[in-house]
K.L.:
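Take a look at this one; I'll ask things after.
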Amino acid sequence: MNYFLAKTDPDTYGIDDLVKEKITTWSGVRNPQAVNVLKSMKRGDTVLIYHSQGQSAIVGLASVVGSSRPDPKDSKSWLVDFKFIKKFKEPFITLADIKASKKFDNLALIKQGRLSTIELPAAFINWLKQKGLSL
DNA sequence: GCCAACGTTGGC
DNA sequence: GCCAACGTTGGC
């Protein structure tokens, strides 16, 4: 079981939309590096949903269902289905929190600000658990 | 809303 | 294949 982070602009599609929809197909990721991350997602993996607008923060959890597949409408994009798990009452961990910890300067979220899907290392997950997140 | 950083496109 | 011009993302 692996952990990933998926960024989204809440004005376009936010955690509240996922709450309503229960299951959604993540689409429109075209950056080759981000597409590779999507391709490596497997059923049962956990996806931390991150809002990249407003207060930049992890706002909820989803899990990967079904299998990832090419987008029939867009050869550069790749599709993965996410199922809603939970929405945090408060943004759980903000970008500012992560930066302030000084522990994750090498995390793609910090280092490659524009990468929209990221595989998360165990060290980061452990840190989140320490902060009280049950994963 | 601004703009820096970065990704993509297209002409050569 | 290089790189200038352009477009987009995301933090502030």
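Within every chain, numbering begins at 1; the chains are lettered A, B, ... in the order of the sequence lines, protein sequences first and strands thereafter.
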K.L.:
Once the angle between the rings of F82(A) and W26(A) is folded into 0 to 90°, is it parallel (under 30°), tilted (30 to 60°) or perpendicular (over 60°)?
P.N.:
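Because their plane-to-plane angle lies in the 30° to 60° range, the rings of F82(A) and W26(A) count as tilted.
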K.L.:
Taking all non-hydrogen atoms of both residues, which atom of L79(A) and which atom of P70(A) are closest, and how far apart?
P.N.:
CD1-O, 4.2 Å
K.L.:
Looking at V64(A) and K42(A), what are the two nearest heavy atoms and their distance?
P.N.:
CB-O, 3.3 Å
K.L.:
To the nearest Å, how far apart are L109(A) CG and dG11(C) P?
P.N.:
7 Å
K.L.:
Looking at dT9(C), I'd like to know if its phosphate oxygens (OP1 or OP2) sit under 4.0 Å from a side-chain N or O belonging to S52(A).
P.N.:
no
K.L.:
Could you state the CG-P distance from L115(A) to dG11(C), rounded to the nearest angstrom?
P.N.:
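Rounding to the nearest Å, CG of L115(A) and P of dG11(C) are 12 Å apart.
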K.L.:
What is the distance, rounded to the nearest whole Å, between atom NZ of K111(A) and atom P of dA4(B)?
P.N.:
23 Å
K.L.:
Could you tell me which non-hydrogen atom of K86(A) sits nearest to which non-hydrogen atom of S134(A), and how far apart they are?
P.N.:
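Result for this residue pair: NZ-OG, 3.9 Å.
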K.L.:
Please state whether the phosphate of dC12(C), meaning OP1 or OP2, lies under 4.0 angstrom from any side-chain nitrogen or oxygen of K99(A).
P.N.:
yes
K.L.:
Take the protein atom NE2 of H51(A) and the nucleotide atom P of dC12(C), then report the distance between them rounded to whole Å.
P.N.:
17 Å
K.L.:
Looking at every non-hydrogen atom in both residues, tell me the closest pair between Q53(A) and P10(A) and how far apart they are.
P.N.:
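That closest heavy-atom pairing would be CB-CD, 3.6 Å.
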K.L.:
Starting at atom NZ of K76(A), determine the distance to atom C1' of dG7(B), rounded to an integer number of angstrom.
P.N.:
11 Å
K.L.:
Taking atom NZ of K129(A) as the centre, report whether more than 12 heavy atoms of other residues, nucleotides or ligands fall under 6.0 Å from it.
P.N.:
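More than 12 within 6.0 Å, yes.
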K.L.:
Name the residue closer to the 5' end of DNA chain B, choosing between Q53(A) and R30(A) according to the nucleotide with the nearest heavy atom.
P.N.:
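That would be Q53(A).
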K.L.:
Using a 4.0 Å cut-off on heavy atoms, which residues in residues 4-15 of chain A reach DNA chain B? List them by number, or say none.
P.N.:
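Nothing qualifies; none.
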K.L.:
I want to check one thing: is the phosphate of dT9(C), taken as OP1 and OP2, less than 4.0 Å away from some side-chain N or O of Y50(A)?
P.N.:
no
K.L.:
Looking only at side-chain atoms of N31(A), point me to the closest of dG7(B), dT9(B), dG10(C).
P.N.:
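Nearest to the side-chain atoms of N31(A), counting from C-beta on, is dG7(B).
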